[in-house]
Amino acid sequence: MSSAHSVDPTLNQEIMNSIVARYPRKRSAIMPLLHYVQSVAGYVTNSGIENIAEMLEIATAEVSAVATFYTQYKFSPIGEYHVGVCTNTLCAVMGGDAIFSALKEHLGIENDGVTADGKVSLEHIECNAACDYAPVVMANWEFYDNQTVESAKALVDGARAGNPPAPTRGPNRLVTYKQASAVLAGLDDGLAGEGVQAGAATLLGLDIARAAEKGGK
Amino acid sequence: MTKLTPVLSAHWDEKDSFTIEGYKRHGGYKAAEKALAMNPDDVIQMIKDSGLRGRGGAGFPTGMKWGFIPQGDNKDHYLVVNADESEPGTCKDTPLLMANPHVLIEGCIIACHAIRAKQAFIYIRGEVTHVVRRVNQAITDAYKAGHLGNGVDIVLHVGAGAYICGEETALLDSLEGFRGQPRLRPPFPAIAGLYAKPTVVNNVESIASVPAIIANGAEWYQSMGTEKSKGATLYSLSGHVNNPGQFEAPLGITLREILELAGGVRTGHKLKFWTPGGSSTPIFTDAHLDIPLDYEGVAAAGSMLGTKALQIFDETTCVVRAVLRWTEFYKHESCGKCTPCREGTWWLVQILRDLESGVGTEADLEKLLDLCDNIMGRSFCALGDGATSPITSSIKYFRDEYIAHLTNGGCPFDPVQSTLFVGASK
Ligand SMILES: Cc1cc2nc3c(=O)[nH]c(=O)nc-3n(C[C@H](O)[C@H](O)[C@H](O)COP(=O)(O)O)c2cc1C
Ligand code: SF4
Ligand code: FES
């Protein structure tokens, strides 16, 4: 089966093999491999699909069929900082819609658009499991909690200038889209220990219980 | 006296709560030690006795689910943890994993022992980079400490943005490397799950609840909650409230009680509607403040406890807008496998859009209900059913508001009023 021309020289075959080795059956590795391709190329390339198909011994059409099912896989270059604004109902109502339209205007791009300098891309996203921090914005899938139009503009301006603010619940600095994709492929970037263990909303009930315990005694 | 019972959340306020040192400081991995010394059947019995029910939405008894795994069949068994958390409003597993991933790993070790599995998978949604880091680090550290690799292995599998992969059989297809589409049941995962082998699929919170039960006993767990809904759980309060957040409390607490703790609905406003367990559970109104939030209480009032995602909306929120947005979500996330859901959600969106912009007619309301009637119970999986919940429940409680859009020729609400930064300078 193996034909050298299906190997993409920009992809590290050793890393890919280590991803495949995690699973009892190699086809299961298809999703982390696609994340890995995005970590190298910034999106899912044709040569990446061919390389995965080759490695898993399945048709390229099967890899494409899987890749196109999931919204996180992109098929053309996106920004170094990919910004997602939650516009599911709760965030939308509480300000997500206003943030999303303000960012579109501010950046001069539409949904799924990329700025001409390639720095920022924009997408409206669904509920990101952070509703107690609404309105929520994600950048390279890191949390930016309790956003306003101003803070979201500052985020994208910082990203375009190469110094985005740090996530509210995440590492001390925002990594690039490619670097974040490597994490999603299961590769360690050494940043797990950075950032808060929990935000204020996460701790609310615990804080109240502690205060009551003290008061009761 | 507060009703709150922090167990899962007990140490989240310690800066290193997510590290193995932080976890072990409070007895972490002691429960696994205890369970590994027990007969697997006794572990299952203990979980049965505790009354723990699945926290992924359906409330199926966890011990019973484990008991369905055939024993002595000489097959590989698998544990798959559902960390896909994508139901709108649901935000408990994600902060839990960020603050304390080790409790899930310890739960996996115990569950694997009970169901005689050597391999567990954690399927986490792909849109949470830092949580992925934390869980991966925890797995690495648990291997280093010898808690993993001596009988149980765990692989973290990262999804890529598809709500349907939270449905357990779609999740299994996704984990096998296919498009995430639900499977026909039977066979159930307990008989033919991952790679057609006996498989338990459990929610993060379900598995994370196990170590404390092993450590403190089934009776301790039983002592919390209500008659058929035992124990404590994470309620996630979000939306138009003064202090949103996580509240760990015994099952059966009411929204009124939680709101009191949270400083109430946004000052100067009043409760209009809310979801008891995410967007797929029929909405409630201010008439439901005193319903016990347990599986039976919420069901008796016509909804579902679901994921205990309490999304609160005050009187500034247009219910038609809210429902349309949720419906657009279901349309987008429909996997396309079956016609009632794939076509039905598309039509629901078209009709709701017309209604919201005031160009529909009153007959459209009946058409909506008729469509819902044909999707509900006729779809291949529960996504289709869930898509109808916001629509039918909102028409039941707020029919007048739909009509007002028609008589008004559009939405009578000012969307600025519902935002958090209303009144703030531009
Ligand atoms: C559309 C859909 C999405 C779901 N999403 C999730 C999810 O994100 N997390 C989860 O634990 N269960 C989810 N479920 C429920 C699972 O199918 C399954 O019942 C659950 O993981 C079982 O775990 P439990 O018994 O511990 O509750 C979803 C169900 C449906 C129909
Ligand atoms: S109900 Fe919807 S999500 Fe479920 S199988 Fe049918 S099309 Fe797919
Ligand atoms: S609705 Fe935006 S994070 Fe849940």
Side-chain angles (χ1 to χ4, degrees), chain A residues 22-25 27-32 34-35 65-66 69-73 88-90 92-95 97-98 126-132 134-135 138 140-143 148-149 167 169-171 180 183-184 186 188-189 191-192 195 197-198 201-209 212 216, chain B residues 1-2 4 6 9 12-13 15-18 85-86 88-91 94-95 98-99 126-130 132-134 136-137 155-156 158-163 175-180 195 236-239 243-248 261 279 311 313 317 322 325-326 329 415 418-421:
Chain A
R22 290 177 196 156
Y23 296 92
R25 299 196 188 174
R27 183 166 177 143
S28 284
I30 194 164
M31 294 177 72
L34 286 163
H35 282 306
V66 171
F69 186 82
Y70 301 93
T71 49
Q72 271 181 286
Y73 299 129
N88 200 291
T89 300
L90 187 120
V93 161
M94 295 180 74
D97 277 357
E126 300 300 352
C127 176
N128 219 90
C131 320
D132 47 349
M138 305 298 291
N140 297 339
W141 306 114
E142 307 278 12
F143 290 107
T148 61
V149 168
R169 286 179 295 147
V183 174
L184 302 186
D188 183 12
D189 68 356
L191 301 182
Q197 82 287 7
T202 304
L203 297 177
L204 180 63
L206 178 61
D207 289 344
I208 293 171
Chain B
M1 262 306 284
T2 171
L4 298 174
S9 58
W12 289 355
D13 55 350
K15 284 221 156 318
D16 64 347
S17 65
F18 58 88
E85 187 158 77
S86 310
T90 310
C91 50
T94 299
M98 191 176 287
E127 302 102 322
V128 289
T129 314
H130 205 47
V132 171
R133 284 191 193 94
R134 289 263 163 98
N136 242 336
Q137 185 69 49
V155 169
L156 180 65
V158 181
Y163 166 61
L175 185 49
E176 288 185 8
F178 296 91
R179 295 162 76 92
Y195 310 129
S236 311
L237 186 73
S238 62
N243 301 303
Q246 306 298 320
F247 294 84
E248 194 174 0
L261 294 170
S279 62
Q311 306 181 85
F313 298 92
T317 313
R325 194 58 61 88
W326 277 322
F329 165 78
S418 67
T419 63
L420 275 194
F421 27 86

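Not measured: the values here are computed from a predicted model. Just so we're on the same page: letters track the sequence lines, and every chain starts at 1.
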Heavy-atom pairs under 4.5 Å with chain A are the metric here; pick the option from [options] that has the most.
options                              : value
B/Ser236, B/Ser86, B/Pro95, B/Gly89  : B/Gly89
B/Ala160, B/Pro244, B/Gly161         : B/Ala160
B/Pro415, B/Ala162, B/Pro88          : B/Pro88
B/Asp16, B/Leu237, B/Asp13, B/Asn243 : B/Asp13
B/Glu248, B/Gln311, B/His130         : B/His130
B/Trp326, B/Phe247, B/Phe18          : B/Trp326

Measuring from atom OG1 of A/Thr202 to atom CE of B/Met98, what distance do you get when rounded to the nearest 0.5 angstrom? 8.0 Å
Approximate separation, where rounding is to 0.5 Å, of A/Cys127 SG and B/Glu127 CD: 10.0 Å
Heavy-atom cut-off 4.5 Å, strictly under: side chain, backbone, both or neither for A/Ala92 against chain B? both
Toward chain B, the part of A/Ala134 with a non-hydrogen atom under 4.5 Å: backbone
Options A/Gly95, A/Ala192, A/Ala209, ranked by heavy-atom pairs under 4.5 Å with chain B, top entry: A/Ala192
Leading residue by heavy atom contact count with chain B [cutoff under 4.5 Å; candidates A/Leu191, A/Asp97, A/Val93, A/Leu34]: A/Val93
Non-hydrogen side-chain atoms of A/Phe143 and B/Thr129 separated by less than 4.5 Å: no
